[in-house]
Amino acid sequence: MKAVTDVDKVHRIRDRLRGAQHVVVLTGAGISAESGVPTFRGEGGLWREYRAVDLATPQAFQRDPRLVWEFYNWRREVLAPLSPNPGHEALVRLEQRVPRFTLITQNIDGLHEKAGSHNILELHGNIWHVRCPGCGTVTEDRRVLPPMPLCAGCGQLLRPHVVWFGENLDPAILTRAYEAVQRTDFMMIVGTSGTVEPAASMGMLAKRKGAWLVEVNLEATPHTSFYDASILGKSGEILPLICEAL
Ligand code: BV8
Ligand code: ZN
């Protein structure tokens, strides 16, 4: 069992959670790690000799769309058989037990939806969705895609419907995320290294607006010292402890 201090911390967090009116949870790649999904900056962040961040850009797609599609098709293949873990499932229960709940995720793996969460804001898109730059259509397509998938409508090369580095987030989704972050009275930040903007600054924005902040991560992050509580450990173990007996 975790050190006594962590048990006290869990109780303290639970007490806060009981009185919360609008809970916001922000998740990153760490919450999916126990499902077998490689994180972005951990050892899993590598594919062949490439760093994920170097392939997740419009420039990389412009330069070598076949390589970028190979990268995303590999990730879809890795993700397809994977299931949500107890961390995802604990957030589904939490959503049912608090007056208002908003789940903001940086993940594109679709595991929160697969677990049964409802009010999800996918800041960086979804790897199971493809978009045609020509006719703008976005479709969900879970099939194994060809090396260079083309739009059935206009024949243009499709792209993954995800937000690449240097691209703007969907304004509607970002607006809803900021509305939730500025209204929340309890925000939990789970499994993110806090390095990618604009998600990385959302915790501090909530804090400035008076929310109570807790971080769940294997390690400290650049923002840990500003939050009200931090529990170090696996989200698949800690979230069920926090969310049970509410
Ligand atoms: C934007 C989709 C306006 C794709 C992703 C210079 C030029 C251009 C832009 C910038 C620039 N400088 C800064 C920027 C802004 C840039 C940015 O922040 N760059 C960073 C790298 C410095 N941001 C953007 O470009 C964003 N757009 O700002 O638009 C704009 C426009 C033009 C110019 C300027 C600004 C768009 C960012 C979205 C990028 N797309 N994903 C894809 O996935 O293929 S981001 C990608 O990183 C994933 O979504 C991932 O979720 C996300 C963040 O990483 P984390 O989730 O935190 O994952 P990470 O591996 O880092 O950490 C995992 C954590 O979990 C660790 O802390 C670990 O300890 C913990 N953990 C592990 N296991 C567990 C665990 N915790 C608990 N339990 C466990 N079991
Ligand atoms: Zn098209």
Side-chain angles (χ1 to χ4, degrees), residues 26-47 50-61 68-69 71-76 78-79 85-88 90 104-112 122-139 149-171 173-174 188-203 214-224 230-240 242:
L26 169 67
T27 62
I31 196 168
S32 296
E34 290 159 80
S35 295
V37 183
T39 61
F40 241 71
R41 287 161 191 81
E43 65 294 336
L46 287 176
W47 174 66
Y50 301 96
R51 290 187 322 138
V53 288
D54 297 331
L55 292 170
T57 70
Q59 293 78 10
F61 190 66
V68 173
W69 262 117
F71 172 54
Y72 281 92
N73 278 331
W74 169 76
R75 287 171 74 187
R76 288 164 58 107
V78 166
L79 279 169
N85 65 62
H88 296 104
I104 303 172
T105 188
Q106 300 172 86
N107 301 339
I108 64 171
D109 56 32
L111 289 179
H112 283 302
E122 292 181 318
L123 292 181
H124 299 157
N126 184 310
I127 200 166
W128 303 111
H129 296 175
V130 292
R131 181 168 89 232
C132 173
C135 36
T137 46
V138 177
T139 44
L150 304 179
C151 171
C154 72
Q156 278 223 30
L157 177 65
L158 296 173
R159 59 163 281 176
H161 185 53
V162 299
V163 181
W164 281 328
F165 288 99
E167 292 188 318
N168 288 310
L169 281 65
D170 176 318
I173 292 175
L174 198 52
M188 192 150 57
I189 299 186
V190 182
T192 177
S193 58
T195 48
V196 174
E197 296 297 353
S201 303
M202 289 185 179
V214 54
E215 184 181 56
V216 176
N217 198 308
L218 287 182
E219 61 193 6
T221 68
H223 304 91
T224 306
S230 155
I231 293 200
L232 296 182
K234 292 183 173 181
S235 48
E237 293 170 8
I238 291 169
L239 292 180
I242 292 175

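Atoms within a ligand are numbered from 1 in the order they appear, just like the ligands themselves.
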Item to check | Proximity of I108 to ligand 1 by residue part, where a heavy atom lies under 4.0 Å | outcome: side chain

Checklist entry - Okay, side chain of W164, backbone of Q59: is any donor-acceptor separation there less than 3.5 Å? => result no

Item to check | Whether G233 lies under 4.0 Å from ligand 1, heavy atom | outcome: yes

Item to check | Residue E197 vicinity, atoms of ligand 1 by number, heavy atom under 4.0 Å | outcome: 17 (C), 18 (O), 23 (N), 24 (C), 26 (C), 28 (O), 37 (C)

Checklist entry - For ligand 1, is any non-hydrogen atom under 4.0 Å from A33's backbone (N, CA, C, O), its side chain (CB onward), both, or neither? => result side chain

Item to check | Note, L169 side chain near P198 side chain (heavy atom, < 4.5 Å) | outcome: yes

Item to check | Any N or O of G191 closer than 3.5 Å to N or O of ligand 1 | outcome: yes

Checklist entry - Hey, are the side chains of V37 and L79 touching, using non-hydrogen atoms and a 4.5 Å cut-off? => result yes

Next on the checklist: Determine whether a donor-acceptor pair (N or O, by modelled atom type, separation under 3.5 Å) exists between the side chain of E34 and the backbone of N85.
Outcome noted: no

Checklist entry - Closer than 4.0 angstrom: is that true for some heavy atom of T221 and an atom of ligand 1? => result no

Checklist entry - Got an N/O contact under 3.5 Å between L169 and ligand 1? => result no

Checklist entry - Any idea which part of E167 is under 4.0 Å from ligand 1, heavy-atom wise: side chain, backbone, both or neither? => result backbone

Item to check | For Y72, the ligand 1 atoms whose distance to one of its heavy atoms is below 4.0 Å | outcome: 4 (C), 42 (C), 44 (O)

Item to check | Close-contact set for ligand 1 against T39 heavy atoms, below 4.0 Å | outcome: 60 (O)

Item to check | Polar proximity ligand 1 side, W164 side, N/O cut 3.5 Å exclusive | outcome: no

Checklist outcome for this item: Vertex the Zn ion (ligand 2), ends C132/SG and C151/SG: angle to nearest 10° comes to 110°

Checklist entry - Are any of the side-chain heavy atoms of T221 and I189 separated by less than 4.5 Å? => result no

Checklist entry - For ligand 1, which atoms sit closer than 4.0 Å to a heavy atom of T195? => result 18 (O), 20 (C), 22 (C)

Item to check | Sub-4.0 Å heavy-atom approach of F71 to ligand 1 | outcome: no

Checklist entry - So how far is it from N217 CG to H223 NE2, rounded to the nearest 0.5 Å? => result 12.5 Å

Checklist outcome for this item: Counting heavy atoms under 4.0 Å, the part of E34 that contacts ligand 1 is side chain

Checklist outcome for this item: Between the CZ atom in R75 and the CG atom in L55, the distance rounded to the nearest 0.5 Å is 9.5 Å

Next on the checklist: Does the plane of the ring in H88 sit parallel, tilted or perpendicular to the ring in H112? Use 30° and 60° as the thresholds.
Outcome noted: perpendicular

Checklist entry - What atoms of ligand 1 come within less than 4.0 Å of a heavy atom belonging to R75? => result 42 (C), 43 (O), 44 (O)

Next on the checklist: Within the 4.5 Å heavy-atom criterion, are L157 and F61 side-chain neighbours or not?
Outcome noted: yes

Checklist entry - Under 4.0 Å from any heavy atom of G28, which atoms of ligand 1 are there? => result 56 (O)

Checklist entry - Going by distance only, is there an N or O of G166 that falls short of 3.5 Å from an N or O of ligand 1? => result yes

Next on the checklist: Quick check on contacts: which atoms of ligand 1 are under 4.0 angstrom from a heavy atom of N107?
Outcome noted: 51 (O)

Item to check | Identity of the nearest option to atom 30 (C) of ligand 1, non-hydrogen atoms only, from N168, I189, V196, I238 | outcome: N168

Item to check | Qualifying residue for side chain to side chain donor-acceptor pair (under 3.5 Å) with T105, from T27, N126, T192 | outcome: T27

Checklist entry - Under 3.5 Å, is there a donor-acceptor pair between the side chain of T57 and the main chain of A60? => result yes

Item to check | Contact (N/O only, under 3.5 Å) between A29 and ligand 1 | outcome: yes

Checklist entry - Do the non-hydrogen side-chain atoms of I108 and E122 ever get within less than 4.5 Å of each other? => result no

Item to check | Whether H124 side chain and Q106 backbone form a donor-acceptor pair below 3.5 Å | outcome: yes

